[in-house]
Amino acid sequence: MSKHHRLPATVSALAADGPHTDAAEGTLAGDVMRGLSALPKQLSSKYFYDAQGSRLFERIMRLPAYYPTRVEARLLRRHARALLAALTPTGAPMELLELGSGDGRKTLALCREWLKAGASLCYRPMDISAQALERLGQRAARQLPALSVHPLCGDYFQTWPLPQARRHQVALFLGSNLGNFTDAEANRFLRRVRAHLRPGDSLMLGLDLRKDPSTVLAAYDDPEGVTAAFNLNLLRRLNRELGMDFDLAAFRHYASYCPLQGVARSFLVSLRAQSVHSRVLGQSFGFEPGEVIYTEQSQKYERAGVEAMASQCGFALHAWFEDPELPYALVVCRAKA
């Protein structure tokens with residue numbers, strides 16, 4: 001689970017709030033029907049972020065065991081000038097496109113350093129949440145009035161602006177949100193990003209790296225129980241929006257980490273035999289004792305794998321900035337011709 005600034009790392013135009021009652025692919029109703037009919041059962045992490053989920057997520061980011069947020073922010077502060085040089089080696093004006101910007105807190109701090117360094121910068125935060133973009137715009141106006149900010153609400157690839165001849169486009173995808181994708185999904189996503197960039201344009205990724213398994217697991221199963229509440233809140237959302245009758249006390253959060261695969265996974269475990277009905281879907285779903293709903297994964301990377309993935313998707317790895325204490329990397333890639 002890559003819980004940073006994000007609203008979810010999704011390429012869908014699905015809004016983060018409000019009911020979705022048809023069963024088409026990419027809607028809450030359709031995804032839940034398919035996910036709870038599958039083996040194993042699964043629910044997409046992109047539906048975590050209703051209002052309560054977003055509040056719980058903010059608490060998670062402040063937990064002592066949850067290292068990725070603070071480590072990424074530290075890397076951005078420490079290497080701000082070097083990142084600017086790596087992303088725009090010719091010093092050309094930059095158009096910064098942040099995919100899944102959320103409130104943009106860390107990126108605004110980075111932009112402040114870049115403006116101090118004399119960068120010519122236009123910031124285009126992109127998110128499916130209009131509320132998050134509104135908060136970002138207000139924060140930018142207060143904290144950084146000299147910055148040109150042009151939010152884009154919706155699907156990244158449908159709202160992607162046409163490149164300007166004199167500006168170098170830089171796509172930013174932070175929070176190790178790429179790790180929420182399977183390998184195949186990550187490859188498709190990066191290929192779509194590459195298709196929107198010109199040769200020589202840049203992509204910067206924030207990626208969590210493999211480390212002590214106990215450190216990783218603690219980040220996804222905190223003793224305070226905030227992550228458990230965050231995971232279970234997904235069922236509360238389904239009760240509200242799809243007329244379901246999940247008994248939250250009949251499920252518990254379970255997190256695992258496989259150091260061989262480098263994947264953290266989150267599940268909801270049924271504590272008894274039960275049937276859950278959806279009034280909106282007109283469907284019931286049976287659960288056996290111990291049966292799980294797979295809710296999220298978070299891939300932890302190694303440099304060789306990142307370099308190979310980037311190359312396969314039309315990028316060349318250009319620069320790598322890594323935290324030596326809790327391995328995490330900011331990776332600058334250049335779009336190949």
Side-chain angles (χ1 to χ4, degrees), residues 1-6 8-11 45 67-76 78-80 82-89 96-100 106-107 110 156 169-197 199-213 215-216 219-220 257-265 296-337:
M1 195 182 302
S2 300
K3 297 169 295 198
H4 285 60
H5 60 270
R6 68 177 181 132
T10 176
V11 298
S45 61
Y67 61 86
T69 303
R70 66 176 182 272
V71 174
E72 185 177 75
R74 185 165 66 215
L75 281 171
L76 289 168
R78 183 179 296 164
H79 299 292
L83 286 167
L84 178 62
L87 289 165
T88 57
L96 183 65
L97 311 174
E98 184 172 13
L99 314 183
K106 287 181 293 187
T107 307
L110 184 64
Y156 310 147
Q169 277 198 339
V170 172
L172 193 62
F173 198 46
L174 293 176
S176 201
N177 284 324
L178 191 71
N180 292 131
F181 295 141
T182 65
D183 288 346
E185 291 168 343
N187 272 268
R188 285 196 296 272
F189 178 80
L190 291 176
R191 289 179 189 277
R192 293 189 74 184
V193 172
R194 173 62 190 88
H196 284 75
L197 295 173
D201 283 342
S202 299
L203 166 67
M204 185 168 82
L205 300 168
L207 300 177
D208 198 9
L209 306 179
R210 297 194 186 193
K211 56 180 64 62
D212 184 335
T215 300
V216 176
Y220 300 95
Y257 177 64
C258 177
L260 298 178
Q261 298 173 318
V263 182
R265 296 182 174 94
E296 192 168 28
Q297 78 149 46
S298 182
Q299 180 72 49
K300 309 306 174 186
Y301 293 96
E302 295 177 303
R303 179 164 180 160
V306 173
E307 192 160 3
M309 177 173 59
S311 181
Q312 292 166 6
C313 298
F315 292 96
L317 197 154
H318 179 70
W320 181 279
F321 302 89
E322 181 175 334
D323 187 278
E325 299 170 19
L326 283 165
Y328 191 99
L330 296 174
V331 184
V332 175
C333 300
R334 191 72 44 76
K336 296 190 292 189

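Only heavy atoms go into these numbers, but all of them, side chains included; no hydrogens, no water, no symmetry mates. All residue numbers refer to positions in the sequence shown, counting from 1.
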With side chains defined as the heavy atoms from C-beta onward, is the minimum distance between Leu203 and Val193 less than 4.5 Å?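 Of all side-chain heavy-atom pairs linking Val193 with Leu203, at least one is under 4.5 Å.
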Mind checking whether His196 and Gln169 have side chains closer than 4.5 Å, heavy atoms only?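 The answer is no, as the side chains (C-beta and beyond) never meet within the 4.5 Å cut-off.
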Quick one: list whatever passes side-chain hydrogen bond (donor to acceptor under 3.5 Å, both in side chains) with Gln261, sequence neighbours left out.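 side-chain hydrogen bond (donor to acceptor under 3.5 Å, both in side chains) check on Gln261 returns Arg265.
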Minimum heavy-atom separation for [X] to [Y], with atom names?
X      : Y      : value
Val216 : Ala264 : CG1-CB, 4.2 Å
Met204 : Leu172 : CE-CD1, 3.0 Å
Cys313 : Asn187 : SG-OD1, 3.2 Å
His318 : Ala86  : CD2-O, 3.5 Å
Ala186 : Phe181 : N-CB, 3.5 Å
Leu110 : Leu76  : CD1-O, 3.8 Å

Has the side chain of [X] got a donor or acceptor atom that lies under 3.5 Å from a matching backbone atom of [Y]?
X      : Y      : result
Lys211 : Pro327 : yes
Ser176 : Asp208 : yes
Arg194 : Lys336 : yes
Thr88  : Leu84  : yes
Gln299 : Gly262 : yes
Asp201 : Leu197 : no
Asn177 : Leu174 : yes
Gln297 : Gly179 : yes
Ser202 : Leu87  : yes

When rounded to the nearest 0.5 angstrom, what distance separates SG in Cys333 from CD in Glu307?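 Reported to 0.5 Å precision, the distance equals 9.0 Å.
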Atom pair CG/CD of Leu207 and Glu72 - distance to nearest 0.5 Å: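 It comes to 9.0 Å.
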Is a side-chain donor-acceptor pair under 3.5 Å present for [Y] with [X]?
X      : Y      : answer
Asn180 : Glu296 : yes
Tyr328 : Glu322 : no
Thr69  : Lys106 : no

Among Val331, Leu99, Leu190, which residue meets the side chain to side chain contact (heavy atoms under 4.5 Å, CB included) test with Phe173?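 With Phe173 as partner, side chain to side chain contact (heavy atoms under 4.5 Å, CB included) holds for just one option, Leu99.
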For Arg74, which residues count as a salt bridge (Lys or Arg N to Asp or Glu O under 4.0 Å) partner, sequence neighbours excluded?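 Asp323.
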Evaluation steps, ring pair (Phe, Tyr, Trp, His ring centres under 6.0 Å), between Tyr257 and Tyr220: CA-CA 9 Å; Tyr257 177 64; Tyr220 300 95; 8.2 Å; no
Using the side chain to side chain contact (heavy atoms under 4.5 Å, CB included) rule, take Leu83 and Val332 through it: C-alpha gap first, then chi angles, then the decisive distance, then the call. CA-CA 8 Å; Leu83 286 167; Val332 175; 4.0 Å; yes
List the steps and the verdict of side chain to side chain contact (heavy atoms under 4.5 Å, CB included) for Leu209 and Lys300. CA-CA 5 Å; Leu209 306 179; Lys300 309 306 174 186; over 6 Å; no
Please test Tyr156 against Leu97 for side chain to side chain contact (heavy atoms under 4.5 Å, CB included), starting from the C-alpha separation and ending with a verdict. CA-CA 9 Å; Tyr156 310 147; Leu97 311 174; over 6 Å; no
When you look at Trp320 and Leu330, which way does the side chain to side chain contact (heavy atoms under 4.5 Å, CB included) test go after all the steps? CA-CA 6 Å; Trp320 181 279; Leu330 296 174; over 6 Å; no
